[in-house]
Student: 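Have a look at the structure that comes next, please.
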Amino acid sequence: LNRSFVSENKIMGSILAWIAGFGVALMTSGMYLFLLKKGYSISMSDLSTFKFGGFRQTVAGLTALDPLLLMTMGIITFLFAPFIRVVGAIWIFAVKEKDSTYVWISCGVLLIMFSGFIIRQVLG
Amino acid sequence: VIIFYLFITGLIAGCIGALLGLGGGVIVIPVLTILFHLPIQIAIGVSLIGVIATSTGAAIVQVREGKSDLRLGMLLELGTTIGAVAGAVMAGYISSKALCLLYSALLAYNSYSMYHRNEASSEEDAMNSNQDMTSYELKNIPGGMFYSTLAGVLSGLLGVGGGLIKVPAMYLLMGVPLKIATATSNLMIGITAATSASVYYLNGRINPLVSVPVALGVFCGALAGSWINTRISTRMIKKIFVFVLAYISLQMAGKGLGW
């Protein structure tokens, strides 16, 4: 059990809390700006027809304080949190536990997680 | 006003999810498809973001407490993440009607297992209090990997966390104490959902206008639900929800069959 590395878990918990806080802040500010700009006149068709851009467009939109891209960046931040959890596991197994088997297993998990991005490119 | 309704939907889903030990998706997806008439593929993407939000919130507390078994979690995630990618890719090729029918079957199973759990809960509570939480031997690892992969496919396909399959597989099949199985499942759920959600994101099936108010609602609702959970008995709510889930399952089946 991972009870033996409580201090590392505390660091991981704090990192996750910061990521979650940042994501919530981006989502909330994006939503607030959206309601300020667009008002409350959103129809059901707005909800179902909206398509948003990729990662580069989102990052570029941040500087312009585009409300939808701020919200998208908040979502990406939340998506990023579990990746950090796996990186943290690799660090714990490599540095604290010195357990190479689980380092490889965790690296495999991280690789499969990233494969989600690649598979989409392959399938078009 | 629609955004406010979406936030309230997430709030209720997150709160009930935390009270009953269900993922928020079980409520979010039927509400978005039946009441808001959104395509089920978009509802699934929204649900995945809600699952990640809830799981991250829970992980902040649980990682610090060190209740989850990190080794077991990573081992099973090998199967779950493969299943999640496969499920998310498959979801792009399956019709909305078929997804509704699959979701209906999942809800029916959810309702049945909740009924079963209610009946057996007092006996299990007594057993769990006597279990050793510090040392246990893992049994049937291939079986656990199989069910974890299945949970991953369901997560990618239907936008759920998959805890409904992972927890019984770890507890009943692999001999993991229930509290550790639940905490490990929570650790895994976010990783699985993020894997599926990355495929959904790149396919343009995650709509921020819907996802953000629902995810914020789920996040706040899950915090409120966890707080309420320690103060009230959820036995009666669980009994009511057995029938609510069965009813929603019929509604989703009707949508799938075009009634």
Side-chain angles (χ1 to χ4, degrees), chain A residues 1-6 9-10 12-14 16-17 19-20 23-24 27-28 30-31 34-35 40 42-44 46-48 50-52 54-55 68-69 71-72 74-76 78-83 85-86 88-89 92-93 99 102 105-106 108-109 112-117 119-121 123, chain B residues 1-4 6 36-39 42 49 52-53 55-57 59-66 68-71 73-75 77-78 81-82 84-85 88-89 92 133-135 180 187 190-199 201-204 206-213 215-216 219:
Chain A
L1 272 181
N2 55 355
R3 287 180 192 283
S4 55
F5 32 82
V6 172
N9 282 339
K10 280 184 178 167
M12 179 63 71
S14 304
L16 287 177
I19 293 173
V24 168
M27 285 184 190
T28 313
M31 181 61 70
F34 182 83
L35 291 175
Y40 295 93
I42 303 160
S43 65
M44 285 306 295
D46 286 332
L47 295 185
S48 52
F50 179 81
K51 291 263 193 295
F52 68 93
F55 184 72
L68 283 171
L69 296 178
M71 283 191 251
T72 307
I75 291 171
I76 293 171
F78 262 101
L79 272 180
F80 190 57
F83 284 81
R85 248 189 278 179
V86 179
I92 286 170
F93 289 133
D99 186 340
Y102 277 89
I105 287 173
S106 307
V109 171
I112 299 163
M113 289 177 85
F114 276 112
S115 77
F117 294 104
I119 277 176
R120 198 262 170 188
Q121 305 289 332
L123 293 176
Chain B
V1 178
I2 291 172
I3 284 180
F4 177 72
L6 288 169
F36 288 86
H37 304 289
L38 285 170
I42 297 288
I49 300 300
I52 297 170
S55 164
T56 304
I60 291 166
V61 179
Q62 283 171 350
V63 162
R64 282 175 179 171
E65 288 176 353
S68 54
D69 187 337
L70 198 58
R71 279 193 171 81
M74 285 299 131
L75 183 67
E77 268 306 326
L78 274 179
T81 45
I82 290 172
V85 173
V89 171
M133 298 288 177
T134 50
S135 64
I180 294 173
L187 169 96
I191 298 169
T192 314
T195 310
S196 313
S198 54
V199 179
Y201 166 71
L202 288 170
N203 280 331
I206 290 181
N207 181 339
L209 261 184
V210 187
S211 304
V212 167
L216 288 174
F219 195 71

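Sequence lines set the chain letters: A, B, ... in the order given, protein chains first and strands last, and positions in each chain run from 1.
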Student: In terms of heavy-atom pairs under 4.5 Å, which option from B/T192, B/I82, B/I49 contacts chain A the most?
Tutor: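 Highest number of pairs under 4.5 Å: B/I82.
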
Student: Taking the side chain as C-beta and beyond, is there a heavy-atom pair between B/R71 and A/D99 under 4.5 Å?
Tutor: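 Side chain of B/R71 against side chain of A/D99, heavy atoms only: contact under 4.5 Å found.
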
Student: Would you say the side-chain atoms of A/R85 pair up with the backbone N or O of B/L187, donor to acceptor, closer than 3.5 Å?
Tutor: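 Yes, because the side chain of A/R85 sits within donor-acceptor range (under 3.5 Å) of the backbone of B/L187.
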
Student: So which of A/G88, A/G30, A/P82 has the largest heavy-atom pair count under 4.5 angstrom toward chain B?
Tutor: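 Of A/G88, A/G30, A/P82, A/P82 has the most heavy-atom pairs under 4.5 Å with chain B.
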
Student: Examine whether an atom of A/Y102 lies under 4.5 Å from a heavy atom of chain B, and if so say whether it belongs to the side chain, the backbone or both; otherwise answer neither.
Tutor: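 The side chain, not the backbone.
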
Student: Any chance you could measure B/S211, atom OG, to A/F78, atom CZ, to the nearest 0.5 Å?
Tutor: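 The OG atom of B/S211 sits 12.0 Å away from the CZ atom of A/F78.
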
Student: Which atoms of A/M71 come close to chain B, meaning under 4.5 Å heavy atom to heavy atom: side chain ones, backbone ones, both, or neither?
Tutor: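 Both backbone and side chain of A/M71 come within 4.5 Å of chain B.
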
Student: Answer yes or no: is there a side-chain heavy-atom contact under 4.5 Å between B/F219 and A/V24?
Tutor: yes

Student: So which of B/I52, B/V212, B/L75, B/T195 has the biggest tally of heavy-atom pairs under 4.5 Å with chain A?
Tutor: B/V212

Student: CE/A/M31 to CD1/B/I3 distance, rounded to the nearest 0.5 angstrom?
Tutor: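 Result: 4.5 Å between the selected atoms.
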
Student: What's the spacing between A/I92 CD1 and B/M74 CE if we round to 0.5 Å?
Tutor: 9.0 Å

Student: Quick one: pull up CD1 in A/I76 and CD1 in B/I206 and give me the separation to the nearest 0.5 Å.
Tutor: 9.5 Å

Student: Does any backbone or side-chain atom of B/A197 lie under 4.5 Å from a heavy atom of chain A? Answer side chain, backbone, both or neither.
Tutor: both

Student: Could you pull out the closest heavy-atom pair between A/L79 and B/S198, with the gap in Å?
Tutor: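 In this case the closest contact between A/L79 and B/S198 is CD2-N, 4.2 Å.
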
Student: Please classify the contact between A/A89 and chain B as side chain, backbone, both or neither, with a heavy-atom cut-off of under 4.5 Å.
Tutor: both

Student: Could you report the tightest heavy-atom contact between B/L202 and A/G116, atom names first, then the distance?
Tutor: CD1-O, 4.4 Å

